Structures are given as structure tokens and as C-alpha cells.
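As the structure is a prediction and not an experimental result, all values here were calculated from the model. Convention: sequence-line order gives letters A, B, ...; per-chain numbering from 1.
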Number of protein chains: 2
Amino acid sequence: MAALPFLLRLCLRRGMVPPVGRMTCRSAPVTAFPVRAPAATLADVASAAGVGESTVSRVLRNHGSFSEKTRKRVMEAAAQLGYVPNRIAGTLASSGSRLVGIIVPSLSNIVFPEVLSGVNQALEDEGYQAVFAVSEYKMAREEEMVASMLAWRPAALMVAGLEHTPAARALLEAGGTRIIELMDLDGEPIDIAVGFSNLEVGRVSARHLLARGYRRIAYVGHDLAADTRAAKRLEGFEGVLRDQGLALMERSTLPTLSSIEAGRAGLEQALARRPDLEAVYFSNDDMAFGGYCLCLSRGIRVPDQLALFGYNGLGIGQALPQPLSTIRTPRVEIGATAARLAARNAPAQRIDLGFELIAGATA
Amino acid sequence: MAALPFLLRLCLRRGMVPPVGRMTCRSAPVTAFPVRAPAATLADVASAAGVGESTVSRVLRNHGSFSEKTRKRVMEAAAQLGYVPNRIAGTLASSGSRLVGIIVPSLSNIVFPEVLSGVNQALEDEGYQAVFAVSEYKMAREEEMVASMLAWRPAALMVAGLEHTPAARALLEAGGTRIIELMDLDGEPIDIAVGFSNLEVGRVSARHLLARGYRRIAYVGHDLAADTRAAKRLEGFEGVLRDQGLALMERSTLPTLSSIEAGRAGLEQALARRPDLEAVYFSNDDMAFGGYCLCLSRGIRVPDQLALFGYNGLGIGQALPQPLSTIRTPRVEIGATAARLAARNAPAQRIDLGFELIAGATA
DNA sequence: CTGAAAGCGCTAACAA
DNA sequence: TTGTTAGCGCTTTCAG
């Protein structure tokens, strides 16, 4: 930046090709490439239209007053320059971000994408934009993600569940950002909570199996330390058994994320130890589907020889000739409700969207 | 803002509770709520630590030089104030965003969440943050999303496929932002493209069915106008048939998104018209799974009576006692590769990550 | 109805 | 090693 910095800036600014169309990048091979014009700014539009910046701003946001003539001139200039407003600048200036952060535990089964889908739809209607991160069911990672999302000063931040590390909790409670906890109601919400009771899901599941006469019951699940909601379901489930003077005959949990394969393997293990099982409660539908596949391969008759019960109410379970007995959760609706509350800056509250028992044909 | 605006601002700024803990909001009921301190700023940290702003900035980003003593003082002050840097401001100032935009067609089957997952993982390693939007397989919506994502001045923008509206294309080609097109290589990429050839997928699928001796073949698919990649697969598929002097016996496409239910319904319709079918090529695994379920319910033996072939290689298809014959696509890897190229500002290129035929047991 | 000017919170020269 | 000083591009008073 010695001799012609000003000229260079001017060129770049105006979209002209400066004298040197070749630039060097340290630590990368020298590459020739077309120098592109930087994006047009409000000021560019203003001077092109021959009006002040604030006028352009008002016109573009259709906020405040201006004459029709001015409006047309501004719109034309903007179109002509291919102007795309810079929301980073806009957000900074108006100190009210239109971003909503969402931290989901996982994207590898369809459950959270469905929640995201609901969030995203509703958010769009309200003029917000979703930013997301994945915690991989690790609280420590969630903590990092919380801090990094907060750095975008989102209008609201959504997280799954009510359990967080102390540090994450402190950040979330610091105020300034609406916090929405999703998919769980068993505990103390920080601000807004939208979901249902996982404890109750477990209880309803147990009552269903008991009502059908099953007594020799096993649990096949995935890593419970990471998935606290699955742990709560199991807790509710075992509570009901206990009340009836019963207990799980077998508990086969794999130290992995839930998956079809894990369900298959878990059931295999449970049956090896307890060939006389009557019913199995799975941590979710993916797991249950894996179990169902095992039964298919082994020719185990479902539910006569072995009853299977899942959780989530995924489409996959309901398409089978024998629909899976399970609990349907309102995932899209939870996302959409959360998004609406966030956008409308609702007061702190708990919203119970409930769940539905699908009797199905496997238990 | 008449009498004590300054005092109020000061209070807010300093986190004190101002005289009036109750504020009114036009167009909303008057609500009492605690006035919360606005987030601490760099300047707050600087004055708390007794150093200049730039020093704090350097320490916090660990960039530039500073003494160990200063570092400690700054870190303490920051921790004490619960300082979370404002990336909106940071981005604006450094004019280099750490955001990467991703526009996916849908979140309602697992395919794009898997791509997102790959993107997100790799992005994080490189210190970027993903922002996403869903186009619902509508080009017009994609156009809107492109404009609105560009407003965040992302470092890169990822979109699915090579087909866009003229306006969207113009925005994408405007330069200034790295564009990465995912999941398709049949056409002219704008900048970087990462994926595989859908035409070739169709061809390989057709050759497989022909090699197995199937001749009376139907196609069961979803809305092809919206899903151009599915259309390309079908095009490749039919091309191979044509080369052999053959043609599809039946073509049953539903005007909906792909789903298990649509696959079932589509196959039902195809069989109603052509009971003598030997094999069915589905637009994807969800559809094929629906077809498989229909066969199970009707007692149609697969593949002897009817062969089924899908696309995607989802876990669900492989868990069945009879693994689905299909094509596995490297979805997570595509996302991760795209993210890495974006983060490292790679030159324009096409990357073919290929796909894999899973012979399976249904065709 | 319109424009000038003061920030929003931070980064990046540039001096000191 | 540090602090001072311009902005980044926009929104928002506040005069005209």
C-alpha cells in the first residue's frame, strides 16, 4: 500500500480491473484470477440514484416515508447494481439480530432434522434465519457450541433437553438471549421449554406392555449417559414395573448412538441371555426396527413369540406390514412452536405438546 | 427519551437496575420483567483490565503480541464480565465472514441431513459456522434463499444441483462468494462442484437389471420436475434400455416428494396396470422400501416374482433380511469435501466422488 | 419527504 | 508491547 493504494481501492470499489490482474497469496501458489468487483453497498446505490443513504435504506426496507418517484429511482439503481443488502452491517447497526441458533444433538437419524424442519419453516415466516450446530450428544461440545452461537448474538437460542454443563447453563442463563429448550419437560427450564415428558412416555409404554399381559420384559437401548431423554424414558418405564412388583429381566445397552444395527445387536445379546423373553422395550424406533429385522431373519413371530415396542413413531416403522407399536412425538410441531415463540418474544413458559401411543401390531 | 435517557443508558450499560423495572411495549400488553444488562463489549473488558481495546482484541484472538501479564489481566476481566465476543461486529470489521451458507432441498428424508452433517463437521474443524435454508425442491424458493443467504456475506454458499433459475444463477455467478454445487456433475458448474454423475447412476442401475435378465421393467418415482437429479437418473436408465432396443413398460410417478407411502402407492398403481412386471426401478430407497413393504403385505416374492432396485444406499434398506439392491452415494463425504474446499478457498473444480452399486438381494 | 451525522462492536493499520 | 484511530455497511435519530 505505497504508491497507488487509493487508485487500487477506487478501482476495486468501482468494479474496474486495476492495473494488476494477478495477486500473490503467501503459502499458496501464485494464481492468476479475475479481480472481481466487491459487492455494491448502500452508498453505491445512493449515489447511483442521486439520493442520500438513509433514503435508500428506508425504501429498501419499506419503512418510513418517501415519494413514489424516489422509490422507483432507488429500486432501479439497486437492481442495476445487483445490490444485495449486507445483513451483517444491518444487524450490527440495528442491534437486533434476525438469527436464531439451534444446537441439535445429532443429524444422523431423522428425528432432529424433522425438528429443524419445523423450526426453519416457522422461522422463515417470521423473517428469521436459522444457524445450527451439532453437539453429537456430548455436553462438553454443547457448551462450546453455546458459546460460539452466542457470539452471533442470535435473537434466540434453541437447545435440546434441560441438562447442560454448569458453564453452558451459566451462559444460557446470562440473559440477553431467549433460550428455548426442546423435547423435554422433566426438569427446570431456563426460559421457554417446548416438548413433552419423557418420563411419562416411559410410563405409558410400560403400561401398554403390562396391559397386553407381557411380564418378561427386556430393555434394549443405546448410550444412556449421553442421551438423558432416553434415560428418563427408561426411568419412567422401570418405575411402572416397580409399582407392579416387577423388574426388567434384562437390560442390554450398547455404548453407541442408536442405530438399526445397534438394535439388532442389542436384541441378539438380550435373547442370548434370556431366550424366554416376552417383550422388548427399545430406546427408539431405529433400534426397534433393527430388532424387528432380527426377528424376520430368525423367523421369530412378532408379537406372539416376542413383542417389540419402540419410540418416536417414525414413518419407517409404520410402513411395515406389521406397524411398529410405539410412541409418536410431535417433532415438527415442537420445532415450529418453538420458532414462533422465539420470533414473537413470548414470555417464559413450558409448553407440553404431548405424544401419542400407536398401538401398532408388534406389541 | 426526555429527562433521563443518559442515566437510563448508563444503568443498562452497567447492568444496574434502572429506576423503572417495568417497560411498556406498544401493541403488546404491559409486562413487568427484569431489565437485564446488555452483553459486555470489548470496551468494557478493556477498561476493566485497564488496557486498550486493540490489546484485548489481540489477546482474545491470540493474534499479534502482548505480554503474559497483560494476557492474564485481560482474560480475567473477560471471564469476570462473562464477555462473549460479538462476531457480527468482528465480521463486519474484518470483512471476512466465517459463515458458510447451505441451501438444501429438503430435510424430510435422511439424505440431506447426512450431507449437512458432513459439511458441519468439516466446517467446524476449519473454524466456520453453517447457516442453512431449505428450498423444498422449489427453484423459485431456492432463488429467494440464495439472495437471503448472500445477504450474510458468507465465505461460501453451497447449493444442491446444477440447475437454478436465471436470477439465482446470476446472483451465484456475480462473484465475491465461493459457490459449491453438490450432488450432481451432469452439467456446467458455476464454480466448484462436488458429487457424482446421476446420469451414470441411472445407467449402472439399468445395466445391473439387464444383466440379471430382467426385461419387463417399470419406473416408480416422485415429482421429477422438482427433483432434477432423479430425472437425470431416469434419463440415464432409459438411455441404456433404449440402446438395447428396450423401453420402460410402465412409468408411475407421483406428484409428491418421495416417501415410503408414495413408493407403495406407486408400485400398487404400476402393478395394477402391468401385473406381468419383472422389475421396478425406484427413484430412491424410501420409495423402494415402500414397494418392498407392499410386496411383503401381498406376499409377492422378491426378487423371483418382482425385483426391486433403489437409490441412495440408506441404512434402512441394508438392514432388511433381504438387503435392498441399490446405489450407495457418499453423502457425508460429499458434504465434508465441499466444506473443506470452501474453507480453504480452493480453485474452481469438479470433484467426482463416485458411487457404489450394492448388489443386494432384491434385484 | 429527505439528508447529515452519529454510532453499532470490532479489527487493522499505524504510531508511540 | 501497546494505544489511538479509522473505518466495515448499515440503521436511526434529528434537523431541514
Write down the distance between [atom1] ([X]) and [atom2] ([N]), rounded to a whole number of angstrom.
X	N	atom1	atom2	result
A:R87	D:dC8	CZ	C1'	18 Å
B:N86	C:dG9	CG	C1'	6 Å
A:L92	D:dG9	CG	P	12 Å
A:L42	D:dT12	CG	P	12 Å

**Report entry** Partners passing side chain to side chain contact (heavy atoms under 4.5 Å, CB included) against A:E124 (at least two apart in sequence or in another chain)
**Finding:** A:N120, B:R141, B:M145
**Report entry** With B:A342 via side chain to side chain contact (heavy atoms under 4.5 Å, CB included) - residues at least two apart
**Finding:** B:A156, B:M158, B:I180
Report summary line: Residues at least two apart in sequence or cross-chain that pass side chain to side chain donor-acceptor pair (under 3.5 Å) with A:E76, listed by chain then number, are none
Query raised in the report: By side chain to side chain donor-acceptor pair (under 3.5 Å), which residues pair with A:S148, not counting sequence neighbours?
Result: none
**Report entry** Stepwise side-chain contact (heavy atoms from CB on, under 4.5 Å) test for B:D191 and B:E173
**Finding:** CA-CA 8 Å; B:D191 182 4; B:E173 281 172 339; over 6 Å; no
Query raised in the report: Contacts to DNA chain C from residues 55-69 of chain B, heavy-atom cutoff under 4.0 Å, which residues?
Result: B:S57, B:R61
With a sphere of 6.0 Å drawn around [atom1] of [X], does it hold more than 12 non-hydrogen atoms of other residues, nucleotides or ligands?
X	atom1	result
B:Q349	CD	yes
B:E126	CD	yes
A:E188	CD	no

**Report entry** Toward the 5' end of DNA chain D, by each residue's nearest nucleotide, B:R71 or A:E53
**Finding:** B:R71
Report task. Using five pairs at either end of the helix from C:dC1-D:dG16 to C:dA16-D:dT1, determine the angle between the two local helix axes and round it to 10 degrees. Result -> 40°
Requested in this report: Report which part of the nucleic acid B:T91 touches: base, sugar-phosphate, or nothing (heavy-atom distance under 4.0 Å, all strands).
Outcome: nothing
Query raised in the report: Is a donor-acceptor pair below 3.5 Å formed from side chain A:S54 to base C:dA5, judging by atom type as modelled?
Result: no
